[in-house]
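Note sheet for the following structure.
Counting convention: from 1, in listed order, for ligands and their atoms alike.
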Amino acid sequence: MSDLFTRAQAVIPGGVNSPVRAFGAVGGDPFFVARASGSHLWDTEGHDYLDYVQSWGASILGHAAPKVVEAVQRAAADGTSYGAPTEREVLLAEAIVERVPSVEKVRLVSSGTEAAMTAVRLARGATGRPKVLKFAGCYHGHLDALLVAAGSGVATLGLPGSAGVTEGAVSDTVVVPYNDESALDAAFDAYGADLAAVLVEPVAANMGLVLPAPGFLEGLQRRCDASGALLVFDEVITGFRVDRSGAQGWFGMTPDLSIFGKVIGGGLPLAAVGGRADVMDELAPVGPVYQAGTLSGNPLATAAGLAVLAELTDDAYRDLTGKATRLARGLREAAAASSVPVQVPQARTLVGLFCTPDPVVDYDTARTADGIRYAALFGRLLAGGVYVAPSPFETMFVSLAHTDAEIDRTTELAAEAFAAIVRG
Ligand SMILES: *Cc1c(COP(=O)(O)O)cnc(C)c1O
């Protein structure tokens, strides 16, 4: 165990400031990052890793992209926070509204959790209804109301998914399996008139990568329209990553509200909730729904976000999709060469990997994936200098800084790893 991890555990619970950073699912101890550049990061012991975590998708250009670093440095020289409006907040809001047709107004916040919390309160305030529906295996941050474990099968009223979350806090949360239209019908029959909002990851990227079945999102929209519930797309991962206008642009959909994070902050703490102007105007100071933040629209974060969006041209998305396709194809071939059954779903620029012979369509099927095999693969990749997420329920993030040669080195290493796994 590294000296730093020992010290970290003495003063930080588990030694990490977010549980996904621990290596609990794959074994071993987390490394400590010293610095990063492009597709690489270096730990405090000098090891060099090709990084497919990329701050869980926040770094779409790669680490320390010169234009982002320069924008942040320039902004910092003028002061790091004022608690008063700035021009860059307007520019970033305009950039989001311009790219995402469903978003007419936007409020900037500091984390995806905060954006989801705001969306839930706003939907409840705007509709006067209490309940929210979410899907099992979708993650919307760690607000109490959405931190709910999934019941399987039919729609169930939520049970708390964490100690410290009271039954009261989740008693208005309805949980339904992803891609399950009949469970959705049952939930809308039972609770439709009380539903303020339906939150969904339009491409689920927190139970591994699970794509929506054809018609699933459209059916959701139809049911929301009929019942008066607001449709909220959680595009914290997919926003500005799978398409210039997010998953909703890719699928041609118009949710009432959307939340963004990760890419939009360019690696700094920034997220956003946006949508229909009439709904957004329910927020204080115009409307009665209170929401606030000392660091909201922070000058460094807005500078980073604007610098990132400026780089995300149509060519950039084509390039990134090409890299993701190369990675996905290479991983499939690597597994096939050793007859290891895997599912390698791809959603344009996002790639997933499940060690299972069966198609993964929801949380229950995701959980049939072989975690021990994933841990073995993770360990061999890490030993070879390739860092993928330390959990079988995450997504692989390529950045614009990843080269074809690096992707090929990754899939060659994966082929060796799969071969070693079947040898046992
Ligand atoms: C990461 C994530 C969140 C939470 O964002 P934080 O900034 O970590 O609070 C919410 N929704 C989705 C889909 C995410 O991937």
Minimum heavy-atom distance Ala389-Glu394, with the two atoms named: CB-CB, 3.4 Å

On a heavy-atom basis, the closest approach of Phe188 and Ser227 is CE2-OG, 3.4 Å

Can you tell me if Thr313 and Asp315 form a side-chain donor-acceptor pair at under 3.5 Å? no

Would you check if there is a donor-acceptor pair between the side chains of Tyr52 and Thr410 at a distance under 3.5 Å? yes

Can you tell me which residue and heavy atom of the protein come closest to [atom], and the distance to 0.1 Å?
{"atom": "atom 14 (C) of ligand 1", "value": "Lys262 NZ, 3.0 Å"}
{"atom": "atom 11 (N) of ligand 1", "value": "Asp234 OD2, 2.7 Å"}
{"atom": "atom 12 (C) of ligand 1", "value": "Tyr139 O, 3.3 Å"}

Please say whether [X] places an N or O atom under 3.5 Å from an N or O atom belonging to ligand 1.
{"X": "Thr113", "value": "yes"}
{"X": "Gly112", "value": "yes"}
{"X": "His140", "value": "no"}

Strictly distance-based, threshold 3.5 Å: is any side-chain N or O of Glu114 a donor or acceptor partner for the main-chain N or O of Ser110? yes

Tell me if a side-chain donor or acceptor on Thr302 pairs with a main-chain N or O of Asn298 at a distance below 3.5 Å. yes

Atom indices of ligand 1, in the order listed, that fall short of 4.0 Å to a heavy atom of [X]:
{"X": "Ser111", "result": "7 (O), 9 (O)"}
{"X": "Glu201", "result": "13 (C)"}
{"X": "Asn206", "result": "12 (C), 13 (C), 14 (C), 15 (O)"}
{"X": "Ile237", "result": "15 (O)"}

Is Lys134 salt-bridged to Glu201, going by a charged N under 4.0 Å from an acidic O? no

Considering only NZ, NE, NH1 and NH2 on the basic side and carboxylate oxygens on the acidic side, decide whether Asp364 and Arg367 come within less than 4.0 Å. yes

Give a yes or no on whether atom 8 (O) of ligand 1 lies under 4.0 Å from any heavy atom of the protein. no

